[in-house]
Amino acid sequence: MMRMGIVAWSGLEGRAVESLRAVCAVLGMSVWQGSPHELNDGRNGSSRSTSHEEGRRIQDLVSVVIADPSQRAVWEHLGLHVICVGESVQLPGGEKLLGQLLAADMARWMAAQGSMAGRMCVGIAGWSGGAGVSTLAWDLCRDTGSICVNLSGPGPLRASRGALLTPPAEAATWSAISVRERFFLPSLIRELPVSRGVSYLGGDARGGAYADDSRVPAVISALKGERSIVCDLGLWGPRCAEIGESIDVLILLGYGDALGAARLCALSAANPPPCPTYALIAPQASSCFLARRASIGLISPSQITRIVHTSARPVYAVGMRPRQGRRGRKARAQLWERMEAQE
């Protein structure tokens, strides 16, 4: 049974609250008073959550009605449509217009509930530079038909083996999307460039995007209505932690030497992974392409998981980063199946 959509509100008083409750009652929606800081991302997995706690899931919110315009950016960063009383609508007096706006939001929300079933957003980040984050992200997209989204900063997206992708002039890129945009239709996927069968959203010479970009939640929400998404987050850090509400699973990738382990410990302590995390060890650079086994003195994947600081989220040891070729495709397929089962 589909959950009832919830309208969050903040800062309203007196008759404005009464008007909002009356409109929502007619539309069959419930209301919740709160702030973005009181929301959770719905990944706690607890079967004992009360209906009140369940109502605070970000995924359950249809839209937000506020009285203070200064709160708009905080709510919009979560990918929610914000209706500001006093600007777009008046309460009381604007109940009809409010009803139309909420009905449209409800229709989009209900469509998303069905269209996103079975789809997930995977974030991939490195605790070491040059560990193959971009290559793994691209290979997973090629294997699964997912959309590749580059959130590692300015510049073009890197495909497998470090190849740089220059999108056509008419294609959608981060530099072509206004920084003021907060809502996108699923049809955005038709504007994305395609290379070797993979649809991707990246930057170009004019700019790019990081994980904490205000456009990211809405873009992911729109694209996830069509396919699964793999995000290249670059190096794990404060910017990546901001995407916690948008990704379902995180893959951390890096070297298993003493320096790599120290970096992982420090980075995860400062920015704990916000969701279930899979740890992969990147093979050390070697003049011999057959050298893939961990050398003496390197930390094993199971040891890596013990030094990751998390916010009570599980961390799974996977092993070595999948190689290229047939065996690599099989290893990536197994990893994807594990993440789907976890999600």
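Not measured: the values here are computed from a predicted model. Residue numbers start at 1 and run along the sequence shown.
- Proximity of a side-chain donor or acceptor of Tyr278 to a complementary backbone N or O of Arg338 within less than 3.5 Å is detected.
- Taking SG from Cys231 and CD1 from Ile251, the interatomic distance works out to 11.0 Å, rounded to the nearest 0.5 Å.
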Any chance you could lay out the side-chain contact (heavy atoms from CB on, under 4.5 Å) test for Met106 and Leu27, step after step, and finish with the verdict?
CA-CA 9 Å; Met106 185 65 173; Leu27 296 174; over 6 Å; no
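- Taking each heavy atom of Val230 and Cys141 in turn, the nearest pair found is CB-SG, 3.5 Å.
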Arg215 vs Glu76, test: salt bridge (charged side-chain N to carboxylate O under 4.0 Å, His left out). Steps then yes/no.
CA-CA 9 Å; Arg215 299 167 292 179; Glu76 286 183 340; over 6 Å; no
Test log, rule side-chain contact (heavy atoms from CB on, under 4.5 Å), inputs Met339 and Met120
CA-CA 9 Å; Met339 293 189 297; Met120 61 180 175; 3.9 Å; yes
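- Side-chain contact between Asn150 and Tyr200: absent, with no pair of heavy atoms (C-beta onward) separated by less than 4.5 Å.
- To the nearest 0.5 Å, atoms CD1 (Ile147) and OG (Ser199) are separated by 6.0 Å.
- Comment: Glu340 does not engage Arg119 in a salt bridge, judged by the lack of any side-chain N to carboxylate O separation of less than 4.0 angstrom.
- Heavy-atom minimum distance, Gly256 versus Ile281: N-CG2, 3.9 Å.
- Side chain of Asp248 to backbone of Cys121: a donor-acceptor contact under 3.5 angstrom is found.
- Inter-residue side-chain proximity for Ile220 and Ile243 is flagged as met; some heavy-atom pair is nearer than 4.5 Å.
- You'll find the side chain of Val85 reaches within 4.5 Å of the side chain of Leu12, heavy atoms only.
- Of the possible donor and acceptor atoms, one in the side chain of Ser19 sits under 3.5 Å from a partner among the backbone N and O of Arg15.
- If you chain together hydrophobic residues whose side chains sit under 4.5 Å apart, Val74 and Trp9 never meet in one group.
- Between Leu151 and Val149, some side-chain heavy-atom pair lies under the 4.5 Å cut-off.
- Atom NZ of residue Lys224 and atom CD1 of residue Ile189 lie 14.0 Å apart, to the nearest 0.5 angstrom.
- To the nearest 0.5 angstrom, Leu201 atom CG is 10.5 Å from Glu191 atom CD.
- Rounded to the nearest 0.5 Å, atoms CH2 (Trp138) and CG (Asp232) are 11.0 Å apart.
- Listed here is the closest heavy atom pair of Trp127 and Arg263: O-NE, 2.7 Å.
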Using the rule given for side-chain contact (heavy atoms from CB on, under 4.5 Å), can you reason through Val219 versus Asp213, listing the C-alpha separation, both sets of side-chain angles and the distance that settles it, and then say yes or no?
CA-CA 10 Å; Val219 166; Asp213 192 294; over 6 Å; no
Applying side-chain contact (heavy atoms from CB on, under 4.5 Å), run through Arg206 and Thr173 and close with a yes or a no.
CA-CA 10 Å; Arg206 296 172 295 171; Thr173 62; 3.9 Å; yes
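- Proximity of a side-chain donor or acceptor of Ser195 to a complementary backbone N or O of Pro193 within less than 3.5 Å is not detected.
- Note: the hydrophobic cluster containing Ile177 also contains Ile229 (ILVMFWY, side chain heavy atoms under 4.5 Å, direct or indirect links).
- A 4.5 Å side-chain heavy-atom check between Arg227 and Ser146 finds every atom pair outside the cut-off.
- Put simply, the residue from Val31, Val65, Val62, Leu98 that forms a side-chain contact (heavy atoms from CB on, under 4.5 Å) with Cys24 is Val31.
- To the nearest 0.5 Å, the span separating CG on Leu280 from CD1 on Ile124 amounts to 8.5 Å.
- Distance alone, capped at 3.5 Å, places no donor-acceptor pair between the Ser128 side chain and the Gly260 backbone.
- Under the 4.5 Å side-chain heavy-atom criterion for ILVMFWY residues, no single connected hydrophobic cluster contains both Leu235 and Tyr255.
- Between Tyr210 and Leu233, the closest side-chain pair of non-hydrogen atoms is not below 4.5 Å.
- Closest heavy-atom contact between Pro272 and Ala269: CD-O, 4.0 Å.
- The shortest heavy-atom contact between Gly34 and Trp75 is O-CZ2, 3.5 Å.
- The only member of Ile83, Val89, Leu97, Val26 that meets side-chain contact (heavy atoms from CB on, under 4.5 Å) when paired with Leu102 is Ile83.
- A donor-acceptor contact shorter than 3.5 Å links the side chain of Ser268 to the backbone of Leu264.
- A salt bridge links Asp143 and Arg332; the closest N-O separation between the charged side-chain nitrogens and carboxylate oxygens is under 4.0 Å.
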After noting the C-alpha distance and the side-chain angles of Gln33 and Ser10, does the key distance pass the side chain to side chain donor-acceptor pair (under 3.5 Å) rule?
CA-CA 6 Å; Gln33 179 185 11; Ser10 175; over 6 Å; no
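- Inter-residue side-chain proximity for Trp236 and Leu250 is flagged as met; some heavy-atom pair is nearer than 4.5 Å.
- Annotation for Val198 and Cys148: closest pair CG1-CB, 4.3 Å, computed over non-hydrogen atoms.
- When side chains are defined from C-beta on, His81 does not count as touching Val64, because their heavy atoms never get closer than 4.5 Å.
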